[in-house]
Enquirer: 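Here it is, the structure, as structure tokens.
All of these numbers come straight from a predicted model, not from anything done at the bench. We name chains A, B, ... by the order of the sequence lines, and we start the count at 1 in each one.
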Protein chains: 2
Amino acid sequence: MNDMHADDSAGSPRRIKSIQTASAILEAIQYLETPTFTDLCNEVDISKGTVHTYLETLENEGFITKSGKEYRLGVRLVTMGESVRNQTDIYRAGQDEVEKLAEKTGEWVHLTVECQGQEVTLYESSGDRAIAMDYHLRMRESPQYLYHTAAGKAMLACFDRDRVREIVDQQGFVQRTEKTITDLETLFDELDRIQAQGYAVNDEEEVRGMRSVGTAITGTDATVCGAISVTAPTSRLSGDYFESEIPELVMEAANIIEVNLETAGVQKPR
Amino acid sequence: MNDMHADDSAGSPRRIKSIQTASAILEAIQYLETPTFTDLCNEVDISKGTVHTYLETLENEGFITKSGKEYRLGVRLVTMGESVRNQTDIYRAGQDEVEKLAEKTGEWVHLTVECQGQEVTLYESSGDRAIAMDYHLRMRESPQYLYHTAAGKAMLACFDRDRVREIVDQQGFVQRTEKTITDLETLFDELDRIQAQGYAVNDEEEVRGMRSVGTAITGTDATVCGAISVTAPTSRLSGDYFESEIPELVMEAANIIEVNLETAGVQKPR
DNA sequence: ATCGGAGTTTGTCATATACAAACCTATATG
DNA sequence: CATATAGGTTTGTATATGACAAACTCCGAT
């Protein structure tokens, strides 16, 4: 047996290598947007012939489409994604509240969940004052670091600190603005504060000029199901409105979602 | 070499078997909603051990999640699906028009594309009179047969008849109501009529009590990019409104989307 | 006409995969 | 309380499968 089992997993868990490869290719396509065959070969470091076979298979299965020379993710994923959303209790329990909150505040509202140590947006809604930003596209299109956002930090605050350490160790700190949290010490302090006050704020830590207020949505057994947040420009989100009114609204919404989850949700969250 | 190359593909195109298997498992999970390990084993006819390894891998890659004993599709798919949508020109070009049409008519409006001979919903919007129906969930969550819907038939009408025959041969006719088209003859007649009048109707062919009006959205070179449709109960969708007003509105919307596609769309549709 | 880059096909060997069977681990059953 | 049984996981192993390299085709540029 080969001794270069560089697999992170000590010992047993067998994996299907081809799926990992396929996953990497899909990720590359998503990342490169509309790559050509050669783009992909450069990105993934697998022999041309093999990449070809993978693309052929993935296209045949509907995971990708080729238009002309360009590959892109296939619409089968839209269907699957939609299906996931509708099966996710927190989406069903929270959609209405997100819309209401967006209407009340007039700003962007996000409903997110944690997945593999990152934050995934399940649903978003914008009020009439919400500004159009590519930012929101990015939010929806790719997972974010939990410590970058209000909702993310709110979820982290509910986690066991060891788990937080683990997540951060694995991902490292990526600095997005000069206010981004970039060390464990500061993060832990922040999480303590969040835990104490019941909600988290994000003060230009991810995007300059933008603030958010978020709070976790928890299940009966105190497990984190997700989080909800309001995002707006600093000009509009400041003073008492930022420090008390909005947090109040956000926590109220989270609370209602929690109740919805408990009453309707026969099965476990997520 | 083994001579039982039962592969439908004559001769060459090599495929990665593991991806096909993984795809089948994902499909089974989507279909069964929240299957347990054994449910899946029964569904897919692969040895227990192997299924285990696949699930392990798929979970590790974020394609599925295990909550308790239940497997379900993972939120990574939400992100990917969203990414696909936003890269799809017709979605960007058509979203606004769909919303406007929903507002004008007060009913359900769908923006769909063809994928592997089936119809996939890219976006939908409901007006204030639109009835809540599980039907719409199904529309969004899984591909539909093209000959079942107004939008689908509108797209079929633009295809080469050989292609239509091919699609139908492969999928067969599934009867949903007593009005569903169930033979090629009738379908071809219908497609001719659609081609002549510029739009398609669906008169309780998919769901009893529901009618729709749809039309194709085509690119510069007459290629089909997708379709748009309005759906409402027969009670509201009848007479002149059904036969002329709504078709007019639908075709107008399609037209605007086509213009958007041409002006904004630097790259090819889909 | 010729070249070169991009993409596809094929032969081949190492190895990843799928099976079977053994092995755990909870939950039901006598 | 012991035992059975179903649900789930791990392991050894033969063989089908994937990955590479190199040959090949196609198309646009020079």
Side-chain angles (χ1 to χ4, degrees), chain A residues 1-26 28-29 32 34-61 63-72 267-268, chain B residues 1-29 32-61 63-72 267-268:
Chain A
M1 205 190 262
N2 201 329
D3 64 335
M4 53 181 301
H5 254 282
D7 256 313
D8 47 311
S9 50
S12 28
R14 288 190 192 180
R15 300 272 154 82
I16 305 293
K17 199 182 148 196
S18 311
I19 293 181
Q20 298 178 319
T21 309
S23 172
I25 290 178
L26 288 174
I29 295 177
L32 298 170
T34 49
T36 171
F37 177 77
T38 336
D39 293 342
L40 280 169
C41 289
N42 296 341
E43 184 74 15
V44 297
D45 194 51
I46 305 170
S47 82
K48 280 201 299 177
T50 307
V51 171
H52 182 75
T53 314
Y54 272 88
L55 292 174
E56 192 91 355
T57 312
L58 287 170
E59 186 181 6
N60 188 245
E61 295 297 324
F63 290 115
I64 65 176
T65 6
K66 175 159 61 169
S67 39
K69 289 185 168 305
E70 293 174 346
Y71 288 92
R72 54 184 72 195
Q267 51 209 343
K268 279 218 166 177
Chain B
M1 202 189 266
N2 201 329
D3 64 335
M4 54 180 300
H5 254 280
D7 256 313
D8 47 313
S9 49
S12 27
R14 290 190 191 181
R15 301 272 155 82
I16 306 292
K17 198 180 149 198
S18 311
I19 293 181
Q20 298 177 320
T21 309
S23 172
I25 289 178
L26 288 174
E27 200 175 329
I29 294 177
L32 298 170
E33 305 251 311
T34 48
T36 171
F37 176 78
T38 337
D39 294 342
L40 279 169
C41 289
N42 297 339
E43 184 74 14
V44 295
D45 194 51
I46 304 171
S47 81
K48 280 201 298 178
T50 306
V51 171
H52 182 76
T53 313
Y54 272 87
L55 292 174
E56 192 92 353
T57 312
L58 288 169
E59 185 180 7
N60 188 245
E61 296 296 325
F63 290 115
I64 65 175
T65 6
K66 174 159 62 167
S67 39
K69 289 183 170 304
E70 292 174 345
Y71 287 91
R72 55 184 71 192
Q267 50 209 343
K268 280 219 165 175

Enquirer: Would you mind reading off the distance between B:Glu56 atom CD and C:dA18 atom C1', rounded to a whole angstrom?
Expert: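 So the two atoms are 16 Å apart, to the nearest Å.
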
Enquirer: Hey, is the side chain of B:Lys66 poking within less than 4.0 Å of OP1 or OP2 on D:dG8, counting only N and O atoms?
Expert: no

Enquirer: Does some side-chain heavy atom of B:Ile25 sit less than 4.5 Å from a side-chain heavy atom of B:Phe63?
Expert: no

Enquirer: Please give, in whole Å, the distance from C:dG7 P to A:Glu59 CD?
Expert: 14 Å

Enquirer: Do B:Lys66 and B:Leu55 have side-chain heavy atoms sitting under 4.5 Å apart?
Expert: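 A side-chain contact under 4.5 Å is absent here.
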
Enquirer: Atom OG1 of A:Thr34 and atom OH of A:Tyr71: how far apart are they, to the nearest 0.5 Å?
Expert: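 It comes to 13.0 Å.
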
Enquirer: Expressed as a whole number of angstroms, how long is the span from A:Leu55:CG to C:dG7:C1'?
Expert: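 Taking atom C1' of C:dG7 as the reference, CG of A:Leu55 is at 11 Å.
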
Enquirer: For the pair made of CG in A:Leu40 and C1' in C:dT8, what is the distance, rounded to whole Å?
Expert: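 Taking atom C1' of C:dT8 as the reference, CG of A:Leu40 is at 15 Å.
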
Enquirer: Would you give a per-nucleotide map of nucleotides 18-30 of chain D, 5' to 3', where B means the base has a protein non-hydrogen atom under 4.0 Å away, S means only the sugar-phosphate does, and - means neither?
Expert: SBB----------

Enquirer: Measure the shortest side-chain to side-chain distance between A:Arg14 and B:Glu56 over non-hydrogen atoms and say whether it is less than 4.5 angstrom.
Expert: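 No, too far: nothing below the 4.5 Å cut-off.
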
Enquirer: Just verifying a value: how many Å separate A:Leu32 CG and A:Glu70 CD, rounded to the nearest 0.5 Å?
Expert: 11.5 Å

Enquirer: Rounded to whole Å, please give me the gap between CD in B:Gln20 and P in C:dT17.
Expert: 14 Å

Enquirer: Would you indicate, yes or no, if D:dA6 has its OP1 or OP2 atom less than 4.0 angstrom from a side-chain nitrogen or oxygen of B:Thr38?
Expert: no

Enquirer: May I ask you to verify if any side-chain N or O of B:His52 is less than 4.0 angstrom from the OP1 or OP2 atom of D:dG8?
Expert: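 No, no such contact exists.
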
Enquirer: Less than 4.5 Å apart, any side-chain heavy atom of A:His52 and any of A:Phe37?
Expert: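 The answer is yes, as the side chains (C-beta and beyond) meet within the 4.5 Å cut-off.
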
